[in-house]
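Remarks on the structure that follows.
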Amino acid sequence: MAKTNGKKGGAKGQEGYTSRHLQVLKGLEAVRKRPGMYIGSTSARGLHHLVYEVVDNAIDEAMAGYCSDIAVVIHDDDSITVTDDGRGIPVDIHPTEKVPGVEVALTRLHAGGKFDKDSYKVSGGLHGVGVSVVNALSESLDVEVKRDGHVWTQEFSRGLKKSELEKGAKTKETGTRVHFRPDPEIFTELQYQWDTLASRLRELAYLNGGVSITLRDERPEGTENDREERFYFEGGISQYVEYLRGKKNPLHDDVIYLQGDQDGTEIELAMQYTDGYNEDTFTFVNNINTHEGGTHLSGFKAALTRTINGYASRSSTMKKGDPSLSGDDVREGLVAVLSVKVLEPQFEGQTKTKLGNSEVRGIVESLVNDKLGTWLDENPSSARRIIEKAVQAARAREAARKARDLTRKKSALETGILPGKLADCSSRDASLSELYLVEGDSAGGSAKQGRDREYQAILPLKGKILNVERARIDKILSNDEIRAIITAIGAGIGDEFSLDQTRYHKIVIMTDADVDGAHIRTLLLTFFFRQMQELIEAGYVFIAQPPLYRVSRGKKEFYCYTEEERETITKELQGGKGSSAIHVQRYKGLGEMNPDQLWNTTMSPENRTLLQVTIDEATEASLLFERLMGDEVEPRREFIEQNAKFVRNLDI
Ligand code: 0RA
């Protein structure tokens, strides 16, 4: 629950306060009253956002050319220190506010101090709200600035200063160190997650090549916490592409890298073709992932299609009668990172991650037309392989279209003939209906018996499903398990997927709580990510959470979903009186539960916990999978273990 600072009457009763100060207090009070408006949420997501806010300021210094080292430390008490070697927050007296710049930056809403026109400020979204928001939402915050020959310090609490700016020892260095402890009165979650911070810091390090970002965890419990990792990528987004490419084989040795700027818009593009069948293009605006794309992405796509077709028709790679290459064809197997810096970005779309600035489209398009054309001319053998790949994609797509037409006639993807294995629900109201995808026939049987027939449909899946990362569309459509999923959902796939045809608004993946289960879950997530992305974006995809243990003593029984729960419950039962023994049953698979148990623990809307899959997590799952794919067993096992963990962290 959000609370205000509790000072009754606020500044009113105090002498010497001018109306301007009153407004200031109101500003930060507003942040404490409605934290969600500034940082999105007061759960784990908002908690992590505080760190990003401070780091973004340091990154701004890096982008301006003044900072090369950033360090983030998670302390014992879940407080955070962010240190950078930038110019330091100004310490001189602010001309209009009449207090040191540091105090302005930390106590005035939207007073980052960087409102000069030449910096890439981030409007919209949740970024760039300013360090004052972090201050307002921290129980305590202390700052140390090295600037103008001295070390300066000041302390705050819940947005209010606790001390004046103090001038300390002499130093020739510059930089800023911010240490803050998120306010327990504001946040419902106070524990920082290593993985969450690490993946954002890694992303920032790739996007800002040459900047070193270290993350250190000082929390003691367990050995896992006590660690440090440095993210430093000299090669920037080109290196990012290599990382994203993973184990897929490149069609040409070097990552293609293009760069340019026009009217204050800076563009950087890194791309490489692989022998894969999917496309992985990631776009960023001012270091923010534009999941929903926008004008920069459409400029890139248009230029790519045009340039590749132009080159193909000039060279002799394409045979007469070959169909012209579509956008999808020229992007098959492509791994790309497009990073643009825009002075006044307009973010649109449902999640405010779609770039709206119309001028950016043309700037990206002409840069890519020009420089990619040159690259193809200068690298004819690579160019030939790229074109050949696109031509094959075009032919496969044509074959798939024919196969799909055939499939439609045969198994009637759209005429309502449902797969035989599906035990459908009786409701025809999609918004209330749920489809359980269940691993194995025996668990499928229990689920069919235990379910609520009105709203819950069960589709048992046999064994491993096809890895869609390794198959072209024609092969995907010839796979029985996948066809059953497509027909059950009833909304088509790929470009033809249509969300309003979906027969269920909850698709629940229910697999065993073991390594194989994690593997199947990833394969399913990958399939949805590649072929029914809108389903994930709409929030229709969920992961069921079956219990790991049943702990009982006499007539008392408990289901435990984590190791910790099992430990706690077992201890509690040991403390109680009674002579009967404690019995711990570990569920190795869903099949070990009888229909009643499965219903009570995992399927009943009253008791179950469903994890909703977000597009970020699905992307991560597919990429992780692809990155660690290959023939070796070790990386695959390692992946599955990591992925099992990722699924536990889904709610962040
Ligand atoms: C205001 C103005 C300038 C830099 C900063 C703030 C600044 C803020 C943070 C927060 C964390 N690290 C930071 N580093 C710098 C520009 C200063 C100038 O013009 O010299």
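Read the numbers this way: they start at 1 and go in the same order the structure lists the ligands and their atoms. All values below come from the heavy atoms of this structure, side chains included, with hydrogens, waters and symmetry mates left out. We're numbering straight along the sequence, starting at 1.
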For this session: Taking Q272 for its side chain and V335 for its backbone only, find out whether a donor-acceptor pair lies under 3.5 Å.
Result: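 No.
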Exercise. Out of F231, Y243, F284, which residue meets the ring pair (Phe, Tyr, Trp, His ring centres under 6.0 Å) rule with Y206?
Worked result: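 Per the ring pair (Phe, Tyr, Trp, His ring centres under 6.0 Å) rule, the option paired with Y206 is Y243, out of F231, Y243, F284.
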For this session: Please confirm whether P90 comes under 4.0 Å of ligand 1, counting heavy atoms of the residue only.
Result: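 Flag set, P90 near ligand 1.
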Exercise. Has I89 got any heavy atom lying under 4.0 angstrom from an atom of ligand 1?
Worked result: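 Within the 4.0 Å threshold, so yes.
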For this session: Kindly write out the residues that satisfy salt bridge (Lys or Arg N to Asp or Glu O under 4.0 Å) with E348, not counting sequence neighbours, or none if the list is empty.
Result: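 Listed in chain order: nothing, the list is empty.
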Exercise. What pairs with E564 under salt bridge (Lys or Arg N to Asp or Glu O under 4.0 Å), at least two apart in sequence or on another chain?
Worked result: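 With neighbours one apart ignored, the set is empty.
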Exercise. Would E228 and T214 count as having a side-chain donor-acceptor pair, cut-off 3.5 Å?
Worked result: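 The answer is no; no qualifying pair exists.
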Problem set entry | Heavy-atom proximity to atom 17 (C) of ligand 1, best of R147, R177, E61 |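 Among R147, R177, E61, the closest heavy atom to atom 17 (C) of ligand 1 belongs to R147.
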Exercise. Heavy-atom contacts under 4.0 Å between V82 and ligand 1: side chain, backbone, both, or neither?
Worked result: neither
Exercise. Is N57 in polar range of ligand 1, meaning some N or O pair under 3.5 Å apart?
Worked result: no
